[in-house]
Visitor: 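The structure that follows is given in the form of structure tokens.
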Amino acid sequence: MNSHDLVSLVDGLRPSRTETEPPVSNMKLMSASRAEDDSRYGPPPQYPIESVDNALRLLLLFETRPSIRLTDASKYLGVASSTAHRLMGMLLYRGFVRQNPQTKAYEPGQALSSIAFAIRRHVDIGTLIRPAMERVFEATGETVHFAELKGSNAHFLEAIESQRAVRVASRQGAMLPANCTATGKAMLSLLTTEQLHALYPYEELPGLTKGSIISRSDLERALETIRQTGYSTSQEESEDGVMSVAVPITSPSGGYYGINVSVPAHRMTEQLRTELGAMLQTVAKEIQNLLV
């Protein structure tokens, strides 16, 4: 909200009398019922503006509920229905809420979504996903990677390398054929047949080891298995002695990503493979909510 919008919001909702000093009623704005909000975001301002504060309090309600009825807004703020209606009208005008034509309740508007997406675009993806990767690393002690599908390649954007004496080295910054890695195959499983054939117009595919999938037909069969299980595996397909489990992630903007755990072959078991698949599927859902 720019300064012009803020002035418009205040002018549209300001009481008719002129205020040179905040009245006692305004100083009571931060009541005991809102002590929790104060502790979350900081102390109250010295000269609070009631109309602006009420509008912002309504927006904060969307953290806990999908819609707000006018009667709920009036009761929550402790104001008359006419005042609550004017507040909602101004938020509606600026796109911060929209009114459901069937229920007449107010829901989050496009302006809120645009602000949220703009903020996330300016945050480095590594910063967003790092906490989730660290949780996987702490739970497994093995190397964790996060990658993006770039054409027919898996581009490894982030990594946390295991501290064990025998470990899989970080691939951060590397670009490998997607058909040769667990993460790449996981991401490829999100594609349609037409999209896959556009990436691989020929039957023969590039390989990195003797275990690599080097035919499009074999790749398609592997991708179908991944869609059924929800996770992908690699058994020394990109590097001898390395096995991996990976799960795909789709961003709201249509990007394809994947997270994996890479383990030395001698430590991988069928039970560990299944456990990693389940763990990564849970983490992938969390990461998906962070991406734009």
Side-chain angles (χ1 to χ4, degrees), residues 129 132-133 136 139-140 142-159 168 171 174-240 242-252 254-265 267-289 291:
I129 66 167
M133 292 182 63
V136 174
T140 64
E142 303 289 359
T143 299
V144 183
H145 289 105
F146 183 82
E148 180 182 16
L149 186 64
K150 287 287 189 180
S152 60
N153 295 309
H155 181 206
F156 291 88
L157 302 176
E158 298 289 333
V168 176
R171 290 178 173 175
M175 190 96 73
L176 297 177
N179 59 292
C180 298
T181 70
T183 314
K185 290 187 296 180
M187 295 185 289
L188 291 174
S189 73
L190 299 172
L191 304 182
T192 65
T193 299
E194 292 73 18
Q195 290 173 318
L196 187 71
H197 287 185
L199 283 182
Y200 302 106
Y202 306 108
E203 177 66 16
E204 185 177 352
L205 305 179
L208 295 176
T209 71
K210 62 181 181 181
S212 300
I213 295 176
I214 55 174
S215 76
R216 192 176 69 182
S217 299
D218 288 343
L219 177 61
E220 288 178 312
R221 283 190 287 271
L223 298 184
E224 185 56 39
T225 300
I226 295 168
R227 295 183 187 108
Q228 293 173 3
T229 62
Y231 62 89
S232 170
T233 64
S234 173
Q235 302 187 53
E236 303 185 75
E237 296 170 37
S238 62
E239 182 179 347
D240 291 335
V242 174
M243 294 189 176
S244 301
V245 177
V247 169
I249 302 167
T250 306
S251 73
Y256 299 124
Y257 299 91
I259 183 170
N260 87 20
V261 174
S262 298
V263 183
R267 284 206 292 268
M268 181 65 81
T269 64
E270 190 60 39
Q271 179 180 347
L272 178 59
R273 186 179 290 111
T274 302
E275 291 173 351
L276 290 176
M279 177 192 302
L280 290 176
Q281 286 180 78
T282 299
V283 173
K285 292 178 182 177
E286 297 176 19
I287 292 177
Q288 186 165 355
N289 292 330
L291 300 179

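In this text, all values refer to a predicted model and were calculated from it rather than measured experimentally.
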Visitor: Enter the distance from Leu205:CG to Ile213:CD1 here, rounded to the nearest 0.5 Å.
Guide: 8.5 Å
Visitor: What is the distance from atom CD of Glu220 to atom CG of Asn179, rounded to the nearest 0.5 Å?
Guide: 12.0 Å
Visitor: Using side-chain contact (heavy atoms from CB on, under 4.5 Å) as the criterion, list what pairs up with Ala265, not counting sequence neighbours.
Guide: Glu236, Met243
Visitor: For Ser238, enumerate each residue passing the side chain to side chain donor-acceptor pair (under 3.5 Å) test, keeping only those at least two apart in sequence or located in another chain.
Guide: Arg171
Visitor: Could I get the full list of side-chain contact (heavy atoms from CB on, under 4.5 Å) partners for Ala178, not counting sequence neighbours?
Guide: Leu149, Leu188, Tyr200
Visitor: Take Thr140 and Met279 through the side-chain contact (heavy atoms from CB on, under 4.5 Å) test and state the conclusion after the steps.
Guide: CA-CA 10 Å; Thr140 64; Met279 177 192 302; 3.9 Å; yes
Visitor: Quick one: are Glu194 and His197 in side-chain contact, heavy atoms under 4.5 Å?
Guide: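 No. Closest side-chain heavy atoms not under 4.5 Å.
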Visitor: Say whether Thr183 and Asn260, considering side chains only, have a donor N or O and an acceptor N or O under 3.5 Å apart.
Guide: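 Looking only at side-chain atoms, Asn260 and Thr183 do form a donor-acceptor pair, the distance falling under 3.5 Å.
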Visitor: Which residue is it: Val263, Val242, Val261, Val168? I am looking for the one with a side-chain contact (heavy atoms from CB on, under 4.5 Å) to Thr143.
Guide: Val168
Visitor: Any chance you could measure Tyr231, atom OH, to Ser189, atom OG, to the nearest 0.5 Å?
Guide: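 So the gap between those two atoms works out to 13.0 Å.
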Visitor: Report the residue from Ile226, Leu223, Leu280, Val245 that forms a side-chain contact (heavy atoms from CB on, under 4.5 Å) with Ser232.
Guide: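 Of Ile226, Leu223, Leu280, Val245, side-chain contact (heavy atoms from CB on, under 4.5 Å) with Ser232 is met by Ile226 alone.
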Visitor: side-chain contact (heavy atoms from CB on, under 4.5 Å) with Thr225: which residues, sequence neighbours excluded?
Guide: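 Scan of Thr225 (side-chain contact (heavy atoms from CB on, under 4.5 Å), adjacent residues dropped) gives Thr229.
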Visitor: When rounded to the nearest 0.5 angstrom, what is the spacing between OG in Ser234 and CE in Met268?
Guide: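 Interatomic distance, Ser234 OG to Met268 CE, rounded to 0.5 Å: 9.0 Å.
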Visitor: Quick one: list whatever passes ring-ring contact (aromatic ring centres under 6.0 Å, His included) with Phe156, sequence neighbours left out.
Guide: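 For Phe156 the ring-ring contact (aromatic ring centres under 6.0 Å, His included) partners, ignoring immediate neighbours, are His145.
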Visitor: Could you tell me which non-hydrogen atom of Pro177 sits nearest to which non-hydrogen atom of Leu208, and how far apart they are?
Guide: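 Pro177 and Leu208 have their closest heavy atoms at CD-CD1, 3.9 Å.
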Visitor: Checking Glu237 now: which residues fulfil salt bridge (charged side-chain N to carboxylate O under 4.0 Å, His left out) with it, not counting sequence neighbours?
Guide: Lys185
Visitor: For Ile214, does its backbone N or O pair with a side-chain atom of Ser212 as donor and acceptor, under 3.5 Å?
Guide: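 Here the side-chain-to-backbone pair does not exist.
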Visitor: To check you understand the geometry: which heavy-atom pair defines the closest contact between Ser152 and Leu199, and what is its length?
Guide: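 Scanning both residues, the minimum pair turns out to be N-CD2, 4.0 Å.
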Visitor: Tell me the closest heavy-atom pair linking Glu142 and Pro264, and the distance in Å.
Guide: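 Minimum heavy-atom separation between Glu142 and Pro264: OE1-CD, 3.7 Å.
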Visitor: Roughly how far apart are Leu190 CG and Leu196 CG, rounded to 0.5 Å?
Guide: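 Separation between the atoms: 11.5 Å.
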Visitor: Taking all atoms of both residues into account, what is the closest heavy-atom pair of Ser244 and Ser262, and its distance?
Guide: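 Reported closest heavy-atom pair: OG-OG, 3.0 Å.
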Visitor: With distance as the sole test, does Gln288 use its side chain to make a donor-acceptor pair with the main-chain N or O of Thr250 at under 3.5 Å?
Guide: yes
Visitor: Salt-bridged, Glu270 to Arg273, with N to O below 4.0 Å?
Guide: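 Looking at Glu270 and Arg273, the cut-off is met.
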Visitor: Once rounded to the nearest 0.5 Å, what's the spacing between atom OG1 of Thr233 and atom CD of Gln235?
Guide: 5.5 Å
Visitor: Shortest non-hydrogen contact from Pro206 to Cys180?
Guide: O-SG, 3.4 Å
Visitor: In terms of heavy-atom contacts, does CD of Gln228 have more than 12 from other residues, nucleotides or ligands at under 6.0 Å?
Guide: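 Result for CD/Gln228: enclosed.
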Visitor: Please report the C-alpha distance between Leu157 and Tyr257 in whole Å, then the side-chain angles of each, then the deciding distance to 0.1 Å, and finally whether the side-chain contact (heavy atoms from CB on, under 4.5 Å) criterion is met.
Guide: CA-CA 10 Å; Leu157 302 176; Tyr257 299 91; 4.2 Å; yes
